[in-house]
Protein chains: 2
Amino acid sequence: MNASNPPGLRDRKKAATRQAISNIATRLFVERGFENVSVAEIARAAAVARKTVFNYFPRKEDLVFDREEEVLELVRQALAQRGRQAPVHAFQALVRALVESQHPLLRITERPVQFWRAVAESPALTTRAQELQVTLADDLAGMLSDAVGRPRTDPAGRLAAAMLMGTLVVAYGEALAAFRENRKPMKALVGVLERGFTGVNVALAGTPYV
Amino acid sequence: MNASNPPGLRDRKKAATRQAISNIATRLFVERGFENVSVAEIARAAAVARKTVFNYFPRKEDLVFDREEEVLELVRQALAQRGRQAPVHAFQALVRALVESQHPLLRITERPVQFWRAVAESPALTTRAQELQVTLADDLAGMLSDAVGRPRTDPAGRLAAAMLMGTLVVAYGEALAAFRENRKPMKALVGVLERGFTGVNVALAGTPYV
DNA sequence: TAAAAATATTACACTCAGTATAAGATTTGT
DNA sequence: ACAAATCTTATACTGAGTGTAATATTTTTA
């Protein structure tokens, strides 16, 4: 639970171990598929106890998805620095900015295409991805509600978050499809995005969210 | 893969076994919670082999959620009989009709409230419910696209489906919350619903879906 | 109605994810 | 250098889900 300060030896070793496990796991998954690699095998390859793997990654799927916190941080920042802008608009502005600045999270290249193909081929990973979408929508709903000083259970906030995340997921999926079919991924992405955003703005009209 | 005809003895026995397993499982889950009942125990209580339980319900969670087909059938029917109405509007009309006719699927009573509380208390069931939401959104997207003669991957259809399902889930959740707080569940439900529907209609404006 | 074909149930053995616990090793603060 | 805190490990366990082949039951055919 440390924060700043020079990271001690312990923390550096932990980071190294975590990274090593993650790297080896990724390599094995790419080579042979998620379902065909056991945690025991990963532990062996990383020269570490099986339990240690679970210490760092409570579920096997977490070896693949470990950028949740990064995403949340981006949203937090955007909402904190939004000035007088409505929170939903601030979120939309964030997404547009990430697209235009070619941020790694939304940039479409061969890498993410292969990554998401692998996810699609694994039932466990697909399920986990869906779980993540819902978790993110939930967190987003909480942040939006906080921003307008309403209870975190406010249905309007939930509705906004669900629609925004839904839009984002569909848009990103379409961008991946476009890439595979040699169409312009970013154009496809923005097309869906603006459609969805327009809808959200109307749905939330009359509320402080927008 | 039989369809009509008088159901033979075999089919009747199968239906009976399935129902018996499901009933006993439900009882045990209610008594002691989903995670605290093993499939082995269910099998024993139902006087059946463990493997037989898995024959009928591939995953343990399927013992709880087994109304997917029923929902899909409702949507199929509504879209088939929609006449010249746009598919998204037909879907919205279906939902409104279910609400007004107090259809069991959307009626809020003590039963569903307890059911969904139990789901919320179980990580495995929560995950499965999310999975179902995504599956339903996917099927809905396919049906909407079919209805307007576009490929099942059409992003507009996907967007419509994602937003509609998102709206439905948030609205239903809010209705459950309203029930617990002694507010009018149906009023809460319809409130969120109409908000979401308005947004969807705008998002999809200019497309044949609406 | 009796045998043959089809299908359902069962027993058995197995893999693997995830948890619990306590002992041993390493880092950190004094 | 010592003690406290924390990380790793060995070991053993529970429970979900799969594969397979033997057995029982229903349906079909003759």
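These values consider heavy atoms only, across backbone and side chains, with no hydrogens, waters or symmetry-generated copies.
- Counting non-hydrogen atoms under 4.0 angstrom, Phe57(A) reaches nothing in the nucleic acid.
- Protein atom CG of Asp11(B) is 11 Å distant from nucleotide atom P of dT9(C), rounded to whole Å.
- Arg18(A) CZ to Lys14(A) NZ: the interatomic distance, rounded to the nearest 0.5 Å, is 9.0 Å.
- Across the protein-nucleic acid pair, Phe54(B) atom CZ and dA8(C) atom P stand 19 Å apart, rounded to whole Å.
- Arg32(A) and Glu41(A) are joined by a salt bridge, as a carboxylate oxygen and a charged side-chain nitrogen come within less than 4.0 angstrom of each other.
- In this structure, the NZ atom of Lys60(A) is 12 Å from the C1' atom of dG18(C), given to the nearest Å.
- Read 5' to 3', the first and last nucleotides of DNA chain D with an atom closer than 4.0 Å to a heavy atom of chain B are dA16(D) to dT27(D).
- At a threshold of 4.0 Å, the pair Lys60(B)-Glu35(B) does not count as salt-bridged, since none of the basic side-chain nitrogens sits closer than that to a carboxylate oxygen.
- Among the atoms of the strands shown, base atoms are found under 4.0 Å from some heavy atom of Arg50(A).
- If you take CZ of Arg10(B) and P of dT7(C), they are 8 Å apart, rounded to a whole angstrom.
- Side-chain contact between Ile42(A) and Phe57(A): absent, with no pair of heavy atoms (C-beta onward) separated by less than 4.5 Å.
- In this structure, Asp11(B) CG and Lys13(B) NZ are separated by 12.5 Å, a value rounded to the nearest 0.5 Å.
- Heavy atoms of Lys51(B) sit under 4.0 angstrom from at least one base atom.
- Taking atom CZ on Arg12(B) and atom P on dA8(C), their separation rounds to 15 Å, with Å as the unit.
- The existence of a salt bridge linking Glu181(A) and Arg183(A) is confirmed by a sub-4.0 Å separation between a basic side-chain nitrogen and an acidic carboxylate oxygen.
- Taking CG of Leu94(B) as the reference point, atom NE2 of His103(B) lies at 8.5 Å (rounded to 0.5 Å).
- Taking the charged nitrogens against the carboxylate oxygens, Glu31(B) and Arg27(B) do have a contact shorter than 4.0 Å, which makes a salt bridge.
- Only at 4.0 angstrom or more do the heavy atoms of residues 20-38 of chain A sit from any atom of DNA chain D, so none qualifies.
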